[in-house]
Protein chains: 4
Amino acid sequence: MSTAEEPTPPASYDDLQAVFINCSLKTDPAASHTQKLMDRSIAIMENVGIDVTTIHARTAGIATGIYPDMTEASGAAGQVESDAWPGLMRDVILPANILVIGTPIWLGMHSSVCTQVIERLYSWSGEHNDQGQYVFYGRAGGCLVTGNEDGVKHVAMSVLYAMQHVGYTIPPQADAGWIGEVGPGASYGDEPEEGGPPVGFDNDFTNRNTTFMTWNLIHTARLLADAGGMPAYGNQREKWFDGQRFGFPESPPAQNPEYR
Amino acid sequence: MSTAEEPTPPASYDDLQAVFINCSLKTDPAASHTQKLMDRSIAIMENVGIDVTTIHARTAGIATGIYPDMTEASGAAGQVESDAWPGLMRDVILPANILVIGTPIWLGMHSSVCTQVIERLYSWSGEHNDQGQYVFYGRAGGCLVTGNEDGVKHVAMSVLYAMQHVGYTIPPQADAGWIGEVGPGASYGDEPEEGGPPVGFDNDFTNRNTTFMTWNLIHTARLLADAGGMPAYGNQREKWFDGQRFGFPESPPAQNPEYR
Amino acid sequence: MSTAEEPTPPASYDDLQAVFINCSLKTDPAASHTQKLMDRSIAIMENVGIDVTTIHARTAGIATGIYPDMTEASGAAGQVESDAWPGLMRDVILPANILVIGTPIWLGMHSSVCTQVIERLYSWSGEHNDQGQYVFYGRAGGCLVTGNEDGVKHVAMSVLYAMQHVGYTIPPQADAGWIGEVGPGASYGDEPEEGGPPVGFDNDFTNRNTTFMTWNLIHTARLLADAGGMPAYGNQREKWFDGQRFGFPESPPAQNPEYR
Amino acid sequence: MSTAEEPTPPASYDDLQAVFINCSLKTDPAASHTQKLMDRSIAIMENVGIDVTTIHARTAGIATGIYPDMTEASGAAGQVESDAWPGLMRDVILPANILVIGTPIWLGMHSSVCTQVIERLYSWSGEHNDQGQYVFYGRAGGCLVTGNEDGVKHVAMSVLYAMQHVGYTIPPQADAGWIGEVGPGASYGDEPEEGGPPVGFDNDFTNRNTTFMTWNLIHTARLLADAGGMPAYGNQREKWFDGQRFGFPESPPAQNPEYR
């Protein structure tokens with residue numbers, strides 16, 4: 001199919017890092033249908049030299065809770081003996097310019113493992129970078145979703161919303177996924193009984209959206225890295241508390257009298 | 001409160017344009033609570049020289065439907081005699097570097113007027129810019145939400161998702177809003193019976209989030225404008241159909257053997 | 001396929017009424033894909049003698065707004081010259097024991113016409129029946145959804161939530177729908193180029209769910225009608241305002257000391 | 001406040017059972033704000049003789065996964081050494097006529113523990129009762145939600161949808177909750193610094209909705225119990241697979257020619 005001459009990317013990206021978090025409910029990463037789709041996005045990134053790490057959330061030892069480090073949480077909050085999250089944040093997630101969350105769909109929603117990961121990202125929203133911004137600023141976020149019948153967009157709404165809320169920039173068309181016709185059926189990457197390519201692997205819509213998502217994440221991460229992160233003005237919590245207002249009108253302005 | 005010395009913005013913005021679409025159900029723009037919050041974000045933008053236009057969607061003559069211009073739609077699709085949308089797109093929305101959608105909350109959801117606006121944005125997703133990207137690429141999108149009791153985040157999930165889907169870049173913390181304690185009560189900007197400032201006007205959380213949203217939209221619009229839009233590689237529909245793959249692996253790669 | 005002997009329904013239903021509201025964006029009801037699915041549920045109901053009326057919302061003259069009768073709304077609220085909603089409520093919706101809302105999916109959400117209908121149902125939530133309950137109590141509600149790729153469950157969540165919020169009882173499995181494999185494609189009931197039955201018409205999952213939804217609505221409407229509506233105790237607004245508490249503890253109880 | 005004479009409930013309920021599942025992220029049930037609201041609904045039920053059991057999901061030993069009993073799941077599915085869920089189903093959830101799911105809000109969504117509980121309810125959707133219906137048929141479901149700023153309705157949409165999907169009947173107004181004004185602040189039941197009753201305890205809207213929810217669950221459970229469950233016709237999976245159609249038209253009917 002690739003008969004057209006391939007153009008050259010407009011920049012180099014081998015200084016960038018990316019992390020993919022697989023939120024499958026399965027304990028064996030190799031059995032995850034979502035991973036099969038993530039692997040194609042990962043291949044695009046690695047092809048231009050981006051350093052990619054994958055976290056398999058269910059087996060990574062991530063604790064449940066709402067504190068940055070649950071081993072230091074108080075008793076009622078659910079203190080635990082071990083929590084892999086602070087190490088993952090320090091070693092993998094914060095060094096990465098790009099975060100992609102991958103999740104299966106259960107009953108039209110993202111998985112409980114995905115919800116747990118979102119809660120832990122959110123638990124770090126009190127942390128700030130050197131500029132006083134939320135610690136996830138200056139990074140690009142996207143998501144990949146697989147299921148057998150319904151829910152890619154609904155899941156993406158929730159996941160992308162959480163990512164932008166904690167500080168990620170969401171590029172255009174930052175989600176992709178695969179689902180089959182409504183009703184039970186094969187999952188992404190299953191070998192079809194009737195032979196042929198694995199289910200969904202040649203779905204042009206999924207392949208295109210996965211490519212667009214991946215490149216829009218790369219472009220956005222490149223722009224943000226070259227800009228030294230999101231410019232620090234009007235978005236710093238401490239400065240706000242110190243009384244700086246960045247043009248916010250204490251007295252609301254008179255209403256704009258003209259409308260289209 | 002503004003006792004600290006105000007810093008200077010890191011760039012100039014007087015070449016930028018913004019459009020705010022108010023999706024109130026009211027026919028009188030001056031009666032819209034959502035407009036009162038939008039006016040504060042508008043004031044921040046105008047303060048740094050951004051040219052801002054406001055559309056009051058309910059009274060703007062926008063037709064319902066899924067075609068770019070409903071006057072040209074076929075009969076079953078709901079052809080109408082007049083449709084302000086194509087003119088608004090050409091004159092206001094496409095020239096703008098920033099789009100902010102403002103909506104009230106009804107029963108935990110955005111308004112029907114907001115849904116109608118989203119449908120019409122989506123109806124233009126088949127249009128492309130000179131680079132072959134969706135026509136909304138290279139712009140920043142955010143939303144403002146008011147209600148009297150519940151639903152800012154849910155509404156923002158839906159609205160921001162739609163905006164990134166058609167091509168807008170969503171900056172960090174791109175939503176803000178105001179709601180009161182659960183249950184019926186005053187709306188944003190109402191004069192309280194017990195005197196004092198209008199309801200919600202001195203809510204520090206709303207004011208801060210509105211400021212952060214506004215500045216993150218400005219910074220993102222600045223970055224994208226300076227970059228000449230979203231880089232055109234890996235996100236062009238026609239080139240995909242011509243067979244270019246931008247590194248997407250036709251044969252899925254062997255799975256990544258290592259996980260954190 | 002119907003080789004098994006058909007059993008007899010456990011009751012008679014010819015005293016019941018149902019209303020189906022089609023929230024298609026099309027102006028021609030005959031062109032609506034959603035209508036084709038609604039027609040199958042309608043056929044099941046009519047087959048047991050239920051009196052069914054269909055409202056085609058887009059062309060029915062329903063005004064936008066949040067008051068029971070928008071012709072009586074004040075100016076800022078969007079007073080209009082005519083509003084079919086009060087007549088539809090009186091003649092069709094309130095007399096019906098069953099309400100089914102049908103909607104297409106646009107960008108993963110229900111249509112703007114559907115949002116408008118929900119707003120108008122909600123606008124009547126201040127009205128009460130003879131027992132002092134919300135006026136929609138004692139009725140059963142469900143929904144039918146069609147699209148070409150994604151979103152049945154997300155749409156159903158929103159629509160069913162709104163229905164129960166205003167007073168409808170939601171039976172088990174009260175939603176059904178059809179979508180194809182992810183990506184653009186044919187819609188429900190389209191004639192396939194390659195011949196054969198119309199698209200989706202022989203999808204066993206959709207057919208089964210449509211049947212289950214329809215019968216669960218019928219059973220629930222039968223139970224509620226036979227009970228004379230939802231029993232009136234603990235759910236009457238005026239009695240609450242008069243000070244009756246129905247066992248609600250003014251002082252919260254000591255916590256339950258045992259947990260599983 | 002309770003000056004009016006209290007009426008008598010229209011039936012007796014001491015043969016009914018209810019289960020409340022608290023999906024707090026905390027490990028100490030006594031520290032859960034959501035539990036404080038659940039306790040008030042529980043008090044109403046116990047006051048009329050209903051036998052109530054509470055499950056504290058986080059500490060109950062429930063495994064993550066999508067099989068009825070995860071100790072019997074295969075390796076890739078995430079087989080575990082112990083799983084309290086099958087015992088909870090057998091001893092508490094299936095014997096109960098009423099299920100109430102309580103959850104806190106994190107980032108506008110229900111908790112990961114709540115998602116996990118929904119997945120496990122869903123994992124039993126392949127099981128049937130003696131009539132061939134899904135095993136949760138004939139029961140009433142509702143939800144209680146607490147947070148400090150936003151999201152009751154969004155969370156309720158997701159939770160109630162899941163409950164009706166697996167077979168619960170959702171009564172009118174089957175959700176209640178408490179949130180404060182937008183922004184960080186006290187949680188339900190916290191002792192306010194300025195003295196007075198615990199936060200939210202005297203919110204009339206929350207108290208009324210909690211009472212209405214509780215009584216509508218009781219009434220619906222009473223109706224369903226007296227009817228011997230949801231009538232078994234048109235909603236039995238095996239009979240559908242055997243070819244019975246219950247009036248579903250194999251050939252879609254000609255369209256209904258008249259619309260309002």
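Each chain gets a letter, A, B and so on, in the order its sequence line appears, and its residues count up from 1.
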Please check if the side chain of C/T59 supplies one atom and the backbone of C/T27 the other of a donor-acceptor pair under 3.5 Å. no
Given 3.5 Å as the limit, does a donor-acceptor pair link the side chain of C/R58 with the main chain of C/P29, or not? no
Between B/Q164 and B/Y161 (side chain of the first, backbone of the second, donor and acceptor by atom type, cut-off under 3.5 Å), is there such a pair? yes
Heavy-atom contacts under 4.5 Å, residues 132-142 of chain C to chain B: none
Select one option (side chain, backbone, both, neither) describing which atoms of C/Q116 are under 4.5 Å from chain B's heavy atoms. both
Quick one: does any side-chain atom of B/D242 pair with a main-chain N or O of B/Q244 as donor and acceptor, under 3.5 Å? no
So, do B/I55 and B/L88 sit near enough that their side-chain heavy atoms are less than 4.5 Å apart? yes
Among C/K26, C/Q79, C/H154, single out the residue with the greatest number of heavy-atom pairs under 4.5 Å to chain B. C/K26
Which answer fits C/A77, side chain, backbone, both or neither, if we ask what part of it has an atom under 4.5 Å from a heavy atom of chain B? backbone
Between B/W240 (side chain only) and B/R245 (backbone N and O only), is there a donor and an acceptor less than 3.5 Å apart? no
Side-chain donor or acceptor of B/W178 paired with backbone N/O of B/T206 under 3.5 Å: no
Residue, of B/A73, B/C114, B/G78, B/G75, that accumulates the most heavy atom pairs under 4.5 Å with chain C: B/G78
Tell me, with the steps shown, if C/N22 and C/S24 meet side-chain hydrogen bond (donor to acceptor under 3.5 Å, both in side chains). CA-CA 6 Å; C/N22 181 345; C/S24 169; 4.5 Å; no
Residues 145-167 of chain B vs salt bridge (Lys or Arg N to Asp or Glu O under 4.0 Å), sequence neighbours excluded, gives B/E149-D/K153, B/K153-D/E149
Donor-acceptor pair, B/R237 side chain versus B/G126 backbone, under 3.5 Å? no
Sequence neighbours left out, what passes ring-ring contact (aromatic ring centres under 6.0 Å, His included) with B/H33? Give chain and number order. none
If you check every heavy atom in residues 98-112 of chain C against those of chain B, which residues fall under 4.5 Å? C/W106, C/L107, C/M109, C/H110, C/S111, C/S112
Go through the atoms of C/V117 and report whether side chain, backbone, both or neither lie under 4.5 Å from a heavy atom of chain B. neither
